[in-house]
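Have a look at the structure below before the remarks.
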2 protein chains.
Amino acid sequence: MRRDVFQAIADPTRREIINLVAFNPLNLNAIADKFDISRPAISQQIKILAECGLISIKKQGRERYCEASLQQLNEVSNWIEKYRQLWEEKFNKLDDLLNNMQNQPNKP
Amino acid sequence: MRRDVFQAIADPTRREIINLVAFNPLNLNAIADKFDISRPAISQQIKILAECGLISIKKQGRERYCEASLQQLNEVSNWIEKYRQLWEEKFNKLDDLLNNMQNQPNKP
DNA sequence: AATTTGCGTAAGCAATTACTTACATATATA
DNA sequence: TATATATGTAAGTAATTGCTTACGCAAATT
């Protein structure tokens, strides 16, 4: 039962749930209504999201309001940012080539 | 056989492979040597990474050099960045509270 | 008090995942 | 040419995933 943020956001349904509650909290049934799958299925996905800290659940009477708590996305963001310069460099390789040709214009 | 970038980076072994070849390309056996799992297992993971464009494979004789090609990570990055302001706001809520207290220091 | 509503959870199931071993193939080397 | 090397791929498997239906329970409503 691996349950890290990378895996949590791998599922499109879970990403969609995050998107739904990101800008306004919704209770569980309101979320489930937006999907074609059953309410228990949504309940299970929300449980996973809650377990890895991406949403927090606030009980109000018999309702459970889900709100996004996305600080954990920093873990993914940081991992990606390690490589950003690397992949953006590739766009500059033509530049490098041109520079080299200018520095050594008549190499035999 | 869903095969998107989100799912590709969900697996820790695949992330580790990306990390290995990110800064210097390696052939498949060199990659497999770094792991405890079998060479075919690594071969399959590399196939997945190649299929979603995160690594590119260059044949050199009988060897296959794997190099990172991480532009696709932008898809993940963009998805996360949609929410950054949202979650960073939460860090500022304490600030806001403190500011309010300063502005209205002796509210009855 | 009885019923409805909002939800959790268990059990079951098909599909997928991540491995394994065994074998095939192309290229390099002796 | 025979052998060693680097790799792909198929088949099998155990574990995991993502759903379903069925049921239970607490809070609200009647």
Side-chain angles (χ1 to χ4, degrees), chain A residues 1-21 24-69 72 76 79, chain B residues 1-21 24-69 72 76 79:
Chain A
M1 212 182 288
R2 185 166 32 95
R3 198 136 288 176
D4 60 63
V5 182
F6 286 91
Q7 206 226 352
I9 66 170
D11 183 82
T13 300
R14 285 194 292 265
R15 287 202 300 281
E16 187 61 25
I17 291 173
I18 288 174
N19 199 51
L20 271 173
V21 302
N24 62 318
L26 294 172
N27 66 11
L28 197 139
N29 275 342
I31 296 170
D33 284 347
K34 308 272 189 174
F35 292 87
D36 290 334
I37 60 180
S38 69
R39 180 194 53 77
I42 296 297
S43 181
Q44 288 158 14
Q45 298 290 27
I46 285 176
K47 190 180 183 186
I48 291 172
L49 290 170
E51 278 175 9
C52 65
L54 286 173
I55 71 172
S56 69
I57 299 176
K58 303 200 172 167
K59 244 177 153 164
Q60 276 186 28
R62 64 187 166 189
E63 297 176 59
R64 303 268 207 133
Y65 277 86
C66 304
E67 73 175 54
S69 166
Q72 301 280 350
V76 180
W79 185 80
Chain B
M1 212 182 290
R2 183 166 35 95
R3 198 135 289 177
D4 60 62
V5 182
F6 285 91
Q7 205 225 354
I9 66 170
D11 183 83
T13 300
R14 287 194 290 266
R15 286 202 302 280
E16 186 60 27
I17 291 173
I18 288 173
N19 199 51
L20 272 172
V21 303
N24 62 318
L26 293 172
N27 66 11
L28 197 139
N29 275 342
I31 296 169
D33 284 347
K34 308 271 190 174
F35 292 87
D36 289 336
I37 59 180
S38 70
R39 180 194 54 75
I42 295 298
S43 181
Q44 288 159 14
Q45 298 290 28
I46 285 176
K47 190 180 182 185
I48 291 172
L49 289 170
E51 277 175 10
C52 66
L54 287 174
I55 70 172
S56 69
I57 298 176
K58 304 202 170 165
K59 244 177 155 165
Q60 276 186 30
R62 63 188 164 186
E63 296 175 60
R64 301 269 207 134
Y65 278 87
C66 303
E67 74 175 52
S69 166
Q72 302 279 352
V76 181
W79 185 80

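Chain A is the first sequence line, chain B the second, and so forth, proteins listed ahead of strands; every chain is numbered from 1.
B:Q72 and B:G53 get closest at one heavy-atom pair: CG-O, 3.9 Å. Between A:V5 and A:C52, the shortest heavy-atom distance links the atoms CG2-O, 4.3 Å. When all heavy atoms of A:L26 and A:L20 are compared, the closest pair comes out as CD1-O, 4.2 Å. Between A:V76 and A:F6, the shortest heavy-atom contact is CA-CZ, 3.8 Å. A:R14 and A:Q7 make their closest contact through NH2-O, 3.2 Å (heavy atoms, listed as atom of the first residue, atom of the second, distance).
Of the residues in residues 25-39 of chain B, those placing a heavy atom less than 4.0 Å from an atom of DNA chain C are B:I37, B:S38, in numerical order.
With the nearest nucleotide of DNA chain D identified for both B:Y65 and A:I48, B:Y65 has the one nearer the 5' end.
Taking atom CD of residue B:Q45 and atom P of nucleotide D:dT9, one finds them 15 Å apart after rounding to whole Å. Straight-line distance from the CD1 atom of A:I9 to the P atom of D:dT17: 16 Å, rounded to whole Å. Rounded to a whole Å, the CD1 atom of A:I42 is 14 Å from the P atom of D:dT21. Taking atom CZ of residue A:R14 and atom C1' of nucleotide D:dC19, one finds them 12 Å apart after rounding to whole Å. Across the protein-nucleic acid pair, A:R64 atom CZ and D:dC25 atom P stand 16 Å apart, rounded to whole Å. For the pair A:I57 CD1 and C:dC7 P, the interatomic distance rounds to 10 Å; values are reported in whole Å. Here the P atom of nucleotide C:dC19 and the CD1 atom of B:I46 are 12 Å apart, to the nearest Å.
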Show me the protein contacts with nucleotides 26-30 of chain D, counting only N or O atoms at under 3.5 Å.
residue, atom, partner, partner atom, Å
D:dA27, N3, A:R62, NH1, 3.4
D:dA28, O4', A:R62, NH1, 3.3

Restricting to nitrogen or oxygen on both sides, can you table the protein-nucleotides 10-15 of chain D pairs closer than 3.5 Å?
none

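The side-chain heavy atoms of B:S69 and B:L54, taken from C-beta on, include no pair separated by under 4.5 Å.
You'll find that the side chain of A:Q7 is closest to D:dT17, out of D:dT20, D:dT17, C:dC7.
Between the side chain of B:R64 and the main chain of B:K59, no donor-acceptor pair closer than 3.5 Å is present.
Dashed line: the shortest gap from a side-chain N or O of A:S43 to OP1 or OP2 of C:dG8 is under 4.0 Å.
Between the side chains of A:E63 and A:Y65, at least one donor N or O lies within less than 3.5 Å of an accepting N or O.
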